[in-house]
Student: 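Take this structure, written in structure tokens, and hold onto it; I'll ask about it next.
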Amino acid sequence: MGSLTIGTIVLINFPFADLKGYKKRPAVVVANASLKTVILCQITSRQLPDVPGIAIAKKDFRSGELPITSYVRPDKLFTVDVSIAEQNRLGVLTDHTVDEIKNAISNLFK
């Protein structure tokens, strides 16, 4: 098993903020971390008012796709083992879209 590339979208059990459950949803790899882990950013199908979100549509994919326009949530990050994330690849985003996501994550810390 190798590392996932940044911009790869995977289907994963994304934990709730209270850690009492999870929901299966897509997430995008935003960084390769240590010890064979990756940092993922949640993707949702709903755009919420006053919540940061980056729209992704079919044009934003180099390969694969999601069935509907969805929203990357730069404020929802978590780390998982690569072996878990590798199991359900859905596609890969364009470099431009990945840069937009990275900038939005970076802006959280300014």
Side-chain angles (χ1 to χ4, degrees):
M1 286 181 245
S3 294
L4 290 168
T5 59
I6 294 170
T8 300
I9 294 182
V10 296
L11 189 62
I12 193 112
N13 291 331
F14 202 95
F16 295 141
D18 65 7
L19 299 178
K20 292 183 180 178
Y22 61 86
K23 182 176 182 180
K24 189 166 285 248
R25 65 172 64 243
V28 60
V29 176
V30 294
N32 285 296
S34 60
L35 301 174
K36 297 182 181 175
T37 61
V38 289
I39 300 171
L40 300 174
C41 187
Q42 181 188 79
I43 298 173
T44 182
S45 61
R46 295 185 314 145
Q47 184 176 27
L48 302 172
D50 301 322
V51 174
I54 299 164
I56 54 172
K58 291 180 182 185
K59 67 176 180 53
D60 297 306
F61 284 80
R62 281 193 320 198
S63 64
E65 63 182 30
L66 292 174
I68 60 172
T69 297
S70 299
Y71 302 87
V72 176
R73 292 281 311 276
D75 61 330
K76 299 288 185 180
L77 302 169
F78 79 114
T79 304
V80 298
D81 189 272
V82 169
S83 64
I84 293 169
E86 282 185 324
Q87 295 174 18
N88 296 301
R89 295 178 195 219
L90 300 175
V92 179
L93 295 172
T94 64
D95 292 341
H96 173 76
T97 304
V98 170
D99 288 343
E100 188 177 356
I101 294 166
K102 287 180 181 180
N103 287 335
I105 293 169
S106 176
N107 286 336
L108 292 173
F109 299 96
K110 292 183 179 177

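Only this structure's heavy atoms are used, side chains among them; waters, hydrogens and symmetry mates stay out.
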Student: At their closest point, which heavy atom of P74 faces which heavy atom of P52, and how far apart are they?
Tutor: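 Where P74 meets P52 most closely, the heavy atoms are CD-O, 3.8 Å.
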
Student: Within the 4.5 Å heavy-atom criterion, are I56 and I9 side-chain neighbours or not?
Tutor: yes

Student: Sub-3.5 Å donor-acceptor pair from the side chain of D60 to the main-chain atoms of T94, do we have one?
Tutor: no

Student: Where do I43 and S70 come nearest, in terms of heavy atoms and distance?
Tutor: CG2-CB, 3.6 Å

Student: For G7 versus V98, what's the shortest heavy-atom pair and its separation?
Tutor: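 Of all heavy-atom pairs spanning G7 and V98, the closest is CA-CG2, 3.5 Å.
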
Student: Check whether more than 12 heavy atoms from other residues, nucleotides or ligands sit under 6.0 Å from atom NZ of K20, and answer yes or no.
Tutor: no

Student: Looking at every heavy atom in both D75 and L108, which two are closest together, and how far apart are they?
Tutor: CA-CD1, 3.7 Å

Student: Tell me whether I84 is reachable from F14 by hopping between hydrophobic residues (I, L, V, M, F, W, Y) whose side-chain heavy atoms are closer than 4.5 Å.
Tutor: yes

Student: In Å and rounded to the nearest 0.5 Å, what is the CG to CD distance from D81 to E86?
Tutor: 8.5 Å

Student: Going only through I, L, V, M, F, W and Y residues with side-chain contacts under 4.5 Å, is there a path from Y22 to V80?
Tutor: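 Different clusters.
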
Student: At their closest point, which heavy atom of T69 faces which heavy atom of A55, and how far apart are they?
Tutor: CG2-CB, 4.4 Å

Student: For atom CZ of F78, decide whether the heavy atoms of other residues, nucleotides or ligands shown that lie under 6.0 angstrom number more than 12.
Tutor: yes

Student: Atom CG in L11, atom CG in L66: separation rounded to 0.5 Å?
Tutor: 9.5 Å

Student: To check you understand the geometry: which heavy-atom pair defines the closest contact between L4 and A85, and what is its length?
Tutor: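 For L4 and A85, the tightest heavy-atom pair comes out as CD1-CB, 3.4 Å.
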
Student: Find out whether T8 and V28 are in side-chain contact, i.e. whether some heavy atom of one side chain is under 4.5 Å from a heavy atom of the other.
Tutor: no

Student: What about Y71 and I105, same hydrophobic cluster or not, with Ile/Leu/Val/Met/Phe/Trp/Tyr joined at side-chain heavy-atom distances under 4.5 Å?
Tutor: no

Student: For the atom pair CG (D95) and CD (E100), what is the distance rounded to the nearest 0.5 Å?
Tutor: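 The CD atom of E100 is 13.0 Å from CG of D95, to the nearest 0.5 Å.
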
Student: Would you call K76 and T44 a side-chain contact if the rule is heavy atoms closer than 4.5 Å?
Tutor: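 K76 does not reach T44 side chain to side chain.
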
Student: With rounding to the nearest 0.5 Å, note down the distance linking SG in C41 to CD1 in I101.
Tutor: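 Going from the SG atom of C41 to the CD1 atom of I101 covers 6.5 Å.
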
Student: Report the distance from atom NZ of K23 to atom CD of Q42, rounding to the nearest 0.5 Å.
Tutor: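 Atom-to-atom, K23:NZ and Q42:CD are 9.0 Å apart.
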
Student: Heavy-atom count check: over 12 atoms from other residues, nucleotides or ligands less than 6.0 Å from D50 CG?
Tutor: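 Result for CG/D50: open.
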
Student: Can you establish whether the number of heavy atoms outside L48 located under 6.0 Å from its atom CG is more than 12?
Tutor: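 Counting neighbours around CG of L48, more than 12 heavy atoms of other residues, nucleotides or ligands fall under 6.0 Å, so yes.
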
Student: In terms of hydrophobic clustering (I, L, V, M, F, W, Y; side-chain heavy atoms under 4.5 Å; direct or indirect links), are F109 and I54 co-clustered?
Tutor: yes

Student: Do you reckon I39 sits in the same ILVMFWY cluster as V72, going by side-chain contacts under 4.5 Å, direct or chained?
Tutor: yes

Student: Can you tell me how far apart CG (L35) and OG1 (T79) are? Round to the nearest 0.5 Å.
Tutor: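 The CG atom of L35 sits 11.0 Å away from the OG1 atom of T79.
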
Student: Answer whether the closest heavy-atom distance between the side chains of L93 and F61 falls below 4.5 Å.
Tutor: yes

